[in-house]
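Hydrogens, waters and symmetry mates play no part in the numbers below; they use all other heavy atoms, side chains included.
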Amino acid sequence: MEKLEFKPSGVCSQKMIVEIEDNKIKKYQSIGGCPGNSLGIGALVVGMEVDEAIKRLEGIKCGFRPTSCPDQLAKNLKQYKENKD
């Protein structure tokens, strides 16, 4: 199991922690930001393939911001995949 910890940019969340095993998200945790949004993201992505999470979350915006917590998760999952290859 791999554990990723990263600081998202341009959002309220201060830190995201993701555990990945066999290319599936096993755990998601966000520190800071909107508790409901964080719990919702976790409930949706746990058990999901990394590529599917990227596909579904990438490009989502939060109000007037050019990014969002889901988008930041997708960007960091893409970076994880690029660094893994």
Any side-chain heavy atom of [X] sitting closer than 4.5 Å to one from [Y]?
X     : Y     : answer
Lys27 : Met1  : no
Ser9  : Thr67 : no
Lys3  : Ile17 : yes
Lys26 : Val46 : no
Ile20 : Lys24 : no
Asp71 : Val11 : no

Item to check | Lys/Arg N to Asp/Glu carboxylate O, Glu5 vs Lys15, below 4.0 Å | outcome: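 The answer is yes: the pair qualifies as a salt bridge.
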
Next on the checklist: For Arg56, is there an ion pair with Glu52 - N to carboxylate O distance below 4.0 angstrom?
Outcome noted: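 The answer is yes: the pair qualifies as a salt bridge.
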
What heavy-atom pair brings [X] and [Y] nearest, and what distance separates the two atoms?
X     : Y     : value
Tyr80 : Glu2  : OH-OE2, 2.9 Å
Leu57 : Pro70 : CB-O, 3.4 Å
Ser13 : Ser30 : OG-OG, 2.7 Å
Lys61 : Ser68 : C-CB, 3.8 Å
Ile54 : Ala74 : CG1-O, 3.9 Å

Item to check | salt bridge (Lys or Arg N to Asp or Glu O under 4.0 Å) involving Lys7 - partner list, sequence neighbours excluded | outcome: none

In the single-linkage hydrophobic clustering (I, L, V, M, F, W, Y; side-chain heavy atoms under 4.5 Å), do [X] and [Y] co-cluster?
X     : Y     : value
Val18 : Leu44 : no
Leu39 : Met16 : no
Ile31 : Leu77 : no

Out of curiosity, [X] [atom1] to [Y] [atom2], how far, rounded to the nearest 0.5 Å?
X     : Y     : atom1 : atom2 : answer
Lys78 : Asp51 : NZ    : CG    : 10.5 Å
Phe6  : Gln79 : CZ    : CD    : 9.0 Å
Glu49 : Ile25 : CD    : CD1   : 9.5 Å
Ile41 : Gln29 : CD1   : CD    : 12.5 Å

Next on the checklist: Side chains of Tyr28 and Glu19 only: does a donor on one sit below 3.5 Å from an acceptor on the other?
Outcome noted: no

